[in-house]
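What follows is a short report on a single structure.
In each ligand, atom 1 is the first atom listed, and ligand 1 is the first ligand listed.
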Amino acid sequence: MGRMNRRIVAPLLAWYDRNARVLPWRSEPTPYRVWLSEIMLQQTRVEAVKPYFERFTGTLPDIASLARADEQTLMKLWEGLGYYNRARNLQKAAQLVMEEYGGEMPDDYESLLQLPGIGPYTAGAVASIAFGEAVPAVDGNVLRVAARLEASEENVSRPEVKKRISENIADIIPKERAGDFNQALMELGAVVCLPNGAPKCGECPLRQLCEGFARDIAGLLPVKDEKAARKIEKRTVFLLRQVWLNDPTADRVSVSKSREDRIAVSKRGQSGLLAGLWEFPNTQGHLNRKQAKEYLEEIGIKVGTIEKLFTAKHIFTHREWHMIAYLVDVAGDGGLVWEPWRVIRESYALPSAFAAYTKFLDSLMER
Ligand code: SF4
């Protein structure tokens with residue numbers, strides 16, 4: 001097993017110069033834009049991130065506007081990207097940058113590492129891409145490329161292996177093009193040295209220097225920990241609707257408000273999965289119609305009609321929700337937040353775990 005050496009630098013950069021994808025954050029790599037894109041890209045594909053990035057920077061164009069954004073706006077901009085703590089940490093870090101650095105992002109790896117939500121990878125990416133500091137930025141793509149180049153059978157999930165690869169990159173990273181070099185390694189992993197046993201070695205600028213290719217074992221690498229099996233949770237979701245004609249307060253409120261059907265949402269707790277986001281009321285288990293009615297009445301909802309809907313599944317990193325749902329026409333408010341559906345769609349962040357039922361209500365309420 002060899003170590004990566006400086007010979008990869010020139011062909012890799014030459015390849016990157018010809019093949020780098022045009023991405024919105026690359027065309028204008030300000031510290032804020034690089035940082036934001038790196039956080040968005042942590043769990044999400046490039047193509048999916050692009051429209052989120054444009055929308056986010058359109059509404060919150062700089063660190064100051066991010067620092068003072070209200071929670072609902074921030075969550076709405078992040079809606080569908082998942083891992084919402086990333087957005088909360090972004091804002092905490094922006095507030096810290098306003099308070100402690102006069103609104104300017106700190107320009108070195110060690111200071112960046114102190115900010116909330118910024119780990120060694122993101123600190124390395126921002127320091128090298130936005131500020132040209134010669135530090136590594138090692139993500140899953142880079143670990144895979146490194147293990148294959150070296151024909152290394154070390155387990156890349158182990159911190160000491162990651163550390164060793166980072167140190168190796170720190171030794172060879174070119175000072176004058178540190179950001180490009182890190183991006184080139186990641187880009188090679190994203191478009192050529194693909195995961196799941198599918199490297200496109202025929203298109204690779206490093207083929208002549210790659211031990212994994214020479215020994216024909218690249219597709220078997222890297223070695224990493226098996227993923228833990230996901231836990232399956234059954235849930236029953238309630239799409240509770242107040243039809244305006246059934247609304248007992250209809251004659252007391254303005255006509256324009258009372259003439260819209262309203263849907264109930266409730267806010268999740270401030271910690272745990274999907275913390276602080278909005279949801280359709282739901283409970284553990286798959287309840288039959290009778291149980292569903294009893295459950296709702298127990299929590300103070302007066303059930304009118306109740307109709308069983310389709311099932312849906314949502315996959316999180318460590319768990320899966322298997323959902324059934326009921327559409328329920330209700331009298332009274334049961335202590336929930338009721339809003340016209342168009343208002344919920346415009347202003348409330350509903351996680352994509354509920355996407356199947358969100359789409360259903362989109363079409364139901366259009367009719
Ligand atoms: Fe990856 Fe193949 Fe290139 Fe080696 S030759 S770095 S395995 S794509």
Side-chain angles (χ1 to χ4, degrees), residues 1-23 25-26 37-38 41-50 119-122 124-125 127-129 134-227:
M1 180 183 83
R3 294 286 181 235
M4 275 182 292
N5 66 46
R6 281 206 174 78
R7 286 194 296 157
I8 70 168
V9 174
L12 185 61
L13 285 174
W15 171 83
Y16 184 68
D17 288 341
R18 283 194 310 274
N19 294 287
R21 289 171 291 180
V22 177
L23 302 172
W25 45 92
R26 279 193 183 148
S37 67
E38 289 299 342
L41 286 165
Q42 275 168 15
Q43 311 281 353
T44 316
R45 287 174 308 108
V46 166
E47 283 310 311
V49 162
K50 278 187 197 169
Y121 164 74
T122 309
S128 64
I129 300 168
V135 285
V138 178
D139 69 350
N141 284 321
V142 174
L143 289 174
R144 180 172 63 257
V145 172
R148 288 174 175 172
L149 280 172
E150 300 175 338
S152 163
E153 289 173 37
E154 294 167 305
N155 181 341
V156 296
S157 307
R158 299 175 69 109
E160 65 271 21
V161 174
K162 202 165 164 181
K163 183 162 178 274
R164 207 264 305 144
I165 291 174
S166 298
E167 287 166 0
N168 191 176
I169 292 174
D171 285 341
I172 65 173
I173 192 167
K175 293 206 167 22
E176 64 292 354
R177 293 194 66 187
D180 285 347
F181 180 75
N182 282 335
Q183 291 188 87
L185 267 181
M186 291 185 243
E187 186 98 343
L188 192 75
V191 302
V192 176
C193 196
L194 300 177
N196 306 322
K200 295 181 179 169
C201 302
E203 300 170 20
C204 182
L206 305 182
R207 199 169 57 243
Q208 310 298 333
L209 303 166
C210 180
E211 276 201 46
F213 173 70
R215 289 172 40 191
D216 203 18
I217 57 168
L220 304 173
L221 299 172
V223 174
K224 52 183 177 179
D225 287 346
E226 294 280 322
K227 281 204 183 106

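Counting heavy atoms under 4.0 Å from ligand 1, residue Cys201 touches it through both backbone and side chain.
Glu38 and Tyr121 form a side-chain donor-acceptor contact under 3.5 Å, judged by distance and modelled atom types alone.
Remark: minimum distance from atom 4 (Fe) of ligand 1 to any protein heavy atom is reached at Cys210 SG, 2.3 Å. The closest protein non-hydrogen atom to atom 3 (Fe) of ligand 1 is Cys204 SG, 2.3 Å.
Annotation: Asn196, atom CG; neighbour count of heavy atoms from other residues, nucleotides and ligands within 6.0 Å does not exceed 12.
Under 2.8 Å from atom 1 (Fe) of ligand 1 lies an N/O/S atom of Cys193, whether from backbone or side chain.
Residues Arg26 and Gln183 approach most closely at NE-OE1, 3.0 Å, considering heavy atoms.
Counting atoms of ligand 1 from 1 in the listed order, those under 4.0 Å from a heavy atom of Ala218 are 7 (S).
Side-chain contact between Lys224 and Asn155 is present, with at least one heavy-atom pair separated by less than 4.5 Å.
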Item to complete: Before giving the answer on side chain to side chain contact (heavy atoms under 4.5 Å, CB included), spell out for Glu160 and Glu154 the whole-Å C-alpha distance, their side-chain angles and the decisive distance to 0.1 Å.
Response: CA-CA 10 Å; Glu160 65 271 21; Glu154 294 167 305; over 6 Å; no
